[in-house]
Number of protein chains: 2
Amino acid sequence: MNNASKPVYLKLRDIISESILDGEYGEGDMLPSVRAFAVEQGANPLTVAKAYQGFQEDGLVTVKRGVGMFVANGAKAKLRDAQRADFIKNVWPPVERQMKRLDIKLDELLENGA
Amino acid sequence: MNNASKPVYLKLRDIISESILDGEYGEGDMLPSVRAFAVEQGANPLTVAKAYQGFQEDGLVTVKRGVGMFVANGAKAKLRDAQRADFIKNVWPPVERQMKRLDIKLDELLENGA
DNA sequence: ATCGCTGTATTATGGCAGTGATGCAGTATG
DNA sequence: CATACTGCATCACTGCCATAATACAGCGAT
């Protein structure tokens, strides 16, 4: 559900986020250009730009006009913190509620996908 | 995130689901009429009808035309099973992946919202 | 039969999000 | 300056969601 049935620009956002968190793009590295990433992902350059836009607003990437977009200093930690906060505040509560409502124990979950 | 920023008819679906699972509407009980529930939720009767429509397609409610919609026999168990399956197949995997990526332990979660 | 409730179907409209094509603006390099 | 790359802005198209007005069809009680 992370990569299905959700807007393309959000999927692209996720891909970039994961790439930064996983260290594929280190701090100071240049991200793929809008057009290059569009081709790579089979998306429209506009859609990629829209995905990138969120990152600059959050200060995670530095834009050098005419040059490219670069991973900002401290982006990895910042991104991690933000995602942790979002997870704890927005993602986990409904999941926990759902588990209680359906009486799903952690045991039945931890055996599988691991 | 369960009741925010998602289509109204899906929110209504969730409300009904929870009401059935929690026993507010027992099997055989009549659900609120389309018009009544619309007023109660501040929604449009058409939107409520759209929400109800999914339940009949899944055999969770029995429609008595001209009378009302009633919770079908075995609806609670059926609903529970379906939601459990969906949770395990679609909801939990990305949650678990996210937890691993962000190094979130179950400990920090189980203390809070409980 | 009549009245009042039930769900259903039709059609039309407004709003919004996602996507796409084109062109413009800034920068580096030769 | 010329070229080729970068990001960015504008416009327009599409589809989904929600709403609305209206009419129809089935059932129960009077």
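Throughout, protein chains are lettered first and strands after them, A, B, ... in sequence-line order, and every chain is numbered starting at 1.
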Shortest non-hydrogen contact from B/Ala72 toward B/Thr62: CB-OG1, 3.8 Å
Side-chain touch A/Leu31/A/Phe55, heavy atoms, less than 4.5 angstrom: no
B/Lys6 and B/Asp14 ion-paired at < 4.0 Å: yes
Ion pair check, A/Arg101 and B/Asp22, cut-off under 4.0 Å: yes
Whole-Å gap separating C1' (C/dT8) and NZ (B/Lys64): 18 Å
N or O in side chain of B/Gln56 less than 4.0 angstrom from C/dT8 OP1/OP2: yes
Given D/dT6, D/dA20, C/dT6, the nucleotide with the shortest approach to the side chain of B/Leu46: D/dA20
Close N/O contacts between protein and nucleotides 15-19 of chain C (under 3.5 Å):
| unit_1 | atom_1 | unit_2 | atom_2 | d |
| --- | --- | --- | --- | --- |
| C/dG18 | OP2 | A/Tyr9 | OH | 3.1 |
| C/dT19 | OP1 | A/Val8 | N | 2.8 |
| C/dT19 | OP2 | A/Val8 | N | 3.4 |
| C/dT19 | OP2 | A/Tyr9 | N | 3.4 |

Pairwise side-chain contact, B/Ile15 with B/Phe37, heavy-atom cut-off 4.5 Å (strictly under): yes
Joint hydrophobic cluster, B/Val91 plus A/Leu102, side-chain heavy atoms closer than 4.5 Å: yes
d(CD, B/Gln41; C1', D/dT19) in whole Å: 17 Å
Positions of residues 65-74 of chain B (non-hydrogen atom under 4.0 Å from DNA chain C), listed by number: B/Arg65, B/Gly66, B/Val67, B/Gly68, B/Met69
Whole-Å gap separating P (D/dT6) and CG (A/Leu31): 12 Å
Ionic contact status for A/Arg84 with B/Glu108, cut-off 4.0 Å: yes
Euclidean distance, A/Lys11 NZ relative to A/Thr47 OG1, rounded to 0.5 Å: 11.0 Å
Separation of D/dA20 P from B/Arg35 CZ (nearest whole Å): 14 Å
Given DNA chain C, 5'-ward residue of the pair B/Met30 and B/Gln53, judged by closest heavy atom: B/Met30
